[in-house]
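Sharing a structure with you now.
Chain naming here is simple, since letters A, B, ... match the order of the sequence lines and numbering starts at 1 in each.
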Amino acid sequence: MKLATWNVNSIRARLARLLAWLEKHQPDVLCLQELKVQDEGFPFEALAAAGWQAAVHGQPTYNGVAILSRQPLEDVRRGLDDEVDDLQARLISARVGDLTVLSAYVPNGHEVGSDKWDYKLAWLKRLRRHLEKHHRPEEPLALCGDFNVAPEARDVCDPARWEPTVLYHPQARAALAELASWGLQDAFRLHHQEGGLYSWWDYRMLAFPKNQGLRIDHVLVTAPLARRCRAARIDRDERKGQQPSDHAPVVVELD
DNA sequence: ATGGTTGCTTAGCAA
């Protein structure tokens, strides 16, 4: 089966590209982030007409996550389900057959030291607690999404320049590593060791043509799923052409 | 140091 994740940066602005991408690549499951729409505005009909089920956790203007699937989505859960009063729609999970899938949009964090930065680090801790509460590392599970963290130097075009920023700060990397230590492996790094392979490029400063990007979108898998992982890639081509998202899809193939 | 771009919503925020 084919499992993918993609920060679309507004599902309404990206609907034509999304439908074309689904038609071309035929994933079994696609996790989406940054829908920037509330549930009422989600394009359920257009996706259903193309044969896709959708579990959606929307929000006006900001954030919003979803899971698309050819097969029925069961046990859908929205949000982190903890004691924090949080209106930001950044997590949705569902079961597809024997596979548990989570679509996460980790906070960007704006600037190191800001309130948003504190929220980002706290959110990653809350996500780990969510996994501890609802799941087990022994089950086939994929945590997919925009983590807004590049794990290692090889995931960053210019590590020295990015190290003081929220996307590659040591504290952000430590928070991601602490999350993964629950029992998750980076599916992309099971199949590729080289640097220079990114999933996000800023719209500004010609970052994409210069390949000044970061690998911040990930598919993290538990050990039983890692054993079934046959291939992984970033669909860099989707960042090209008219009105692309600033993120490229990440695709994983599983037995 | 600043500015560069995009999207939502319409001046400013978020990324």
Give the nucleotide from the list B/dT9, B/dG7, B/dA15 with an atom nearest to the side chain of A/T61.
-> B/dT9

Do the two ring centres, one from A/H169 and one from A/W117, sit under 6.0 Å apart?
-> yes

Looking only at side-chain N and O atoms, does A/R14 come under 4.0 Å of OP1 or OP2 in B/dG7?
-> yes

Side-chain donor-acceptor contact under 3.5 Å, A/D86 with A/Y119 | yes

Please name the pair of heavy atoms, one in A/L91 and one in A/H57, separated by the smallest distance, quoted to 0.1 Å.
-> O-CD2, 3.3 Å

Less than 6.0 Å separating the ring centroids of A/W162 and A/Y168?
-> no

Over how many whole Å does the gap from A/D246 atom CG to B/dA14 atom P extend?
-> 17 Å

A/P107 and A/R90, any side-chain heavy atoms less than 4.5 Å apart | yes

Heavy atom of residues 196-219 of chain A under 4.0 Å from DNA chain B: which residues?
-> A/Y203, A/R204, A/M205

A/R215 to A/Y198, cation-pi by 6.0 Å centre distance and 45° axis angle | no

Determine: side-chain N/O of A/R12 to OP1/OP2 of B/dT9, distance under 4.0 Å, yes or no.
-> yes

Strand contacts (DNA chain B) in residues 105-122 of chain A, 4.0 angstrom heavy-atom criterion | A/Y105, A/N108, A/K116

What distance, rounded to whole Å, do you find between the two P atoms, one in B/dT10 and one in B/dA14?
-> 14 Å

